[in-house]
Amino acid sequence: MALFKLPFTNKSTNKDSKEIHNSFEKIPEHIAIIMDGNGRWAQKKGLPRIAGHREGMDNIKRIVKIANHFRIKILTLYAFSTENWKRPTSEIDFLMKLPIDFLQHYLPELMEENVKIQTIGEVDDLPGNTKSAIMRAIEQTESNTGLILNIAINYGSKFEIVQSVKSIYKEVIHGNYSIDEITEDTIAEHLYTSHLTDPDLLIRTSGELRLSNFLLWQSAYSELWFTDTLWPDFNEDEFEQAINDYQKRKRRYGGI
Ligand code: FPP
């Protein structure tokens, strides 16, 4: 694994120091990932779909570690969408147990790595034991200052936008502000992500080329990066490749 190929420091005094400084500054602050392809990964190996989800869970730990090394500030992972409730009950039950397993196994390591766990989505509607495992992890990692591991769970972007509109409407009828005062910032301030910057880079694995109701508002100017690799096989080298490609992109935000 070519872990330190990207420059981590701008302290170099050699003739390349300016270039190193620039590259360092272009590390994306927020990376969002649609972790797709667990089922196909398992199928290809003749295993049940849940084996793919378990492998996908283990991969989260590897990617969190490297994201932290790259000094990414926020890593948002799409773990369970509001549409995933349509899956067979047995698969849903398994997916709901994964955060519990993940935190049981990896919380000490995440603490050591100074990772802070947060969520976006309707966590209140999760099964009680899943919710309490997550809430405990959020509480325990609250003062950590490293990577924010933001888990999108029971998350749907359209639902999130509707909720935002509803709470703005309530504030308008309470006279907190007028309709004319509603701006793009007002909408953004009422999303789950109000405290976070928008994703700079959005990665989707498994060859699917769509956003699937993930961060629709927040990804308006995100750089998109797709790979055919199935999530359990998405490794550190490919993550680094995505960051390298991002560094070469010119972000114009509609300007020239
Ligand atoms: C998409 O693959 C993946 C999911 C719906 C679940 C992703 C969840 C994890 C990787 C683990 C979550 C764990 C924690 C700790 C948050 P798919 O099943 O749609 O794959 P397919 O398209 O090949 O069928």
Side-chain angles (χ1 to χ4, degrees), residues 31-68 74-111 113 115-123 125-127 129-138 140-141 147-157 192 202-215 226-236 238-239:
I31 298 182
I33 308 183
I34 302 176
M35 309 179 286
D36 198 9
N38 293 344
R40 276 164 285 165
W41 182 90
Q43 231 165 4
K44 272 170 74 178
K45 291 190 155 32
L47 298 168
R49 289 178 57 80
I50 57 170
H53 292 314
R54 175 159 293 284
E55 196 67 25
M57 176 192 88
D58 285 336
N59 200 31
I60 291 179
K61 197 206 70 181
R62 293 190 282 272
I63 297 301
V64 163
K65 205 164 183 166
I66 190 167
N68 212 7
I74 308 157
L75 181 68
T76 298
L77 301 179
Y78 206 6
F80 192 88
S81 76
T82 45
E83 288 72 33
N84 287 151
W85 296 110
K86 294 179 201 153
R87 294 189 176 209
T89 317
S90 57
E91 186 168 337
I92 294 174
D93 290 348
F94 188 82
L95 283 169
M96 286 299 139
K97 285 199 189 90
L98 282 184
I100 305 173
D101 271 21
F102 179 80
L103 295 165
Q104 240 163 26
H105 280 97
Y106 299 132
L107 197 55
E109 241 177 280
L110 294 174
M111 284 300 290
E113 291 258 323
V115 171
K116 182 179 170 104
I117 295 172
Q118 295 186 347
T119 58
I120 52 173
E122 291 301 294
V123 175
D125 295 340
L126 296 174
N129 50 356
T130 309
K131 183 184 164 186
S132 52
I134 292 173
M135 296 317 285
R136 266 200 311 276
I138 291 175
Q140 211 174 318
T141 61
L147 175 82
I148 294 175
L149 172 57
N150 185 35
I151 302 172
I153 187 159
N154 196 17
Y155 173 85
S157 193
Y192 301 121
L202 192 152
I203 297 171
R204 182 171 190 151
T205 59
S206 92
E208 307 291 351
L209 307 177
R210 55 179 174 267
L211 292 179
S212 300
N213 204 14
F214 186 48
L215 301 175
F226 297 100
T227 173
D228 287 338
T229 306
L230 305 173
W231 171 251
D233 292 330
F234 181 79
N235 62 17
E236 293 91 337
E238 220 174 346
F239 188 70

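Because the structure is predicted, anything quoted here is derived from the model rather than measured. Throughout, numbering of the chain's residues begins at 1 and tracks the sequence. Remember, it's 1-based here, ligands and their atoms both numbered in the order they're listed.
The protein atom (non-hydrogen) at minimum distance from atom 8 (C) of ligand 1 is Ala79 O, 3.6 Å. In this structure, the protein non-hydrogen atom closest to atom 11 (C) of ligand 1 is Leu98 CD1, 3.7 Å. Of the protein's non-hydrogen atoms, the one nearest atom 10 (C) of ligand 1 is Asn38 ND2, 3.4 Å. Protein heavy atom closest to atom 19 (O) of ligand 1, with residue, atom name and distance, is Arg87 NH2, 2.7 Å. What sits closest to atom 4 (C) of ligand 1 on the protein, heavy atoms only, is His53 CE1, 4.0 Å. Annotation: atom 20 (O) of ligand 1 to nearest protein heavy atom, Gly39 N, 3.1 Å. For atom 5 (C) of ligand 1, the nearest protein heavy atom (residue, atom name, distance) is Asn84 OD1, 3.6 Å.
Of the heavy atoms in Ile60, only side-chain atoms (C-beta onward) come closer than 4.0 Å to ligand 1. Contacts of Ile153 with ligand 1, taken as heavy-atom pairs under 4.0 Å, are absent altogether. When heavy-atom distances to ligand 1 are checked against a 4.0 Å cut-off, Glu55 has no atom that comes that close, whether in backbone or side chain. Here Arg49 has side-chain heavy atoms under 4.0 Å from ligand 1, and that is the only part of it that gets that close.
Between Tyr78 and Phe214, the two ring planes are parallel [angle under 30°; tilted spans 30° to 60°].
With respect to the salt-bridge test (charged N to carboxylate O, under 4.0 angstrom), the residues Lys45 and Glu55 do not qualify.
For Lys61, the NZ atom counts as densely surrounded, since its 6.0 Å shell holds more than 12 non-hydrogen atoms of other residues, nucleotides or ligands.
Looking at Asp58 and Tyr106, their side chains do bring a donor and an acceptor atom within 3.5 Å of each other.
The main-chain N or O of Leu147 is found under 3.5 Å from a side-chain atom of Asn68 such that the two form a donor-acceptor pair. Looking only at distances, a side-chain donor or acceptor of Thr205 sits under 3.5 Å from a matching main-chain atom of Asp36. Using a distance-only test at 3.5 Å, with no hydrogens or angles considered, a donor-acceptor pair links the side chain of Arg204 to the main chain of Arg210. In this structure, the side chain of Asn84 engages the main chain of Ser81 through a donor-acceptor pair within 3.5 Å. In terms of modelled atom types and a separation under 3.5 Å, the side chain of Asn154 and the main chain of Glu122 share a donor-acceptor contact. Although no hydrogens or angles enter the test, the distance criterion places no donor-acceptor pair under 3.5 Å between the side chain of Arg40 and the main chain of Leu230.
Heavy atoms of Gly37 approach ligand 1 to within less than 4.0 angstrom.
Of all the listed residues (Arg54, Arg40, Met35), Arg40 holds the heavy atom that lies closest to atom 21 (P) of ligand 1.
Within ligand 1, the atoms closer than 4.0 Å to a non-hydrogen atom of Phe102 are 15 (C), numbered from 1 in the order shown.
Considering backbone and side-chain N/O of Trp231, none are found under 3.5 Å from N/O of ligand 1.
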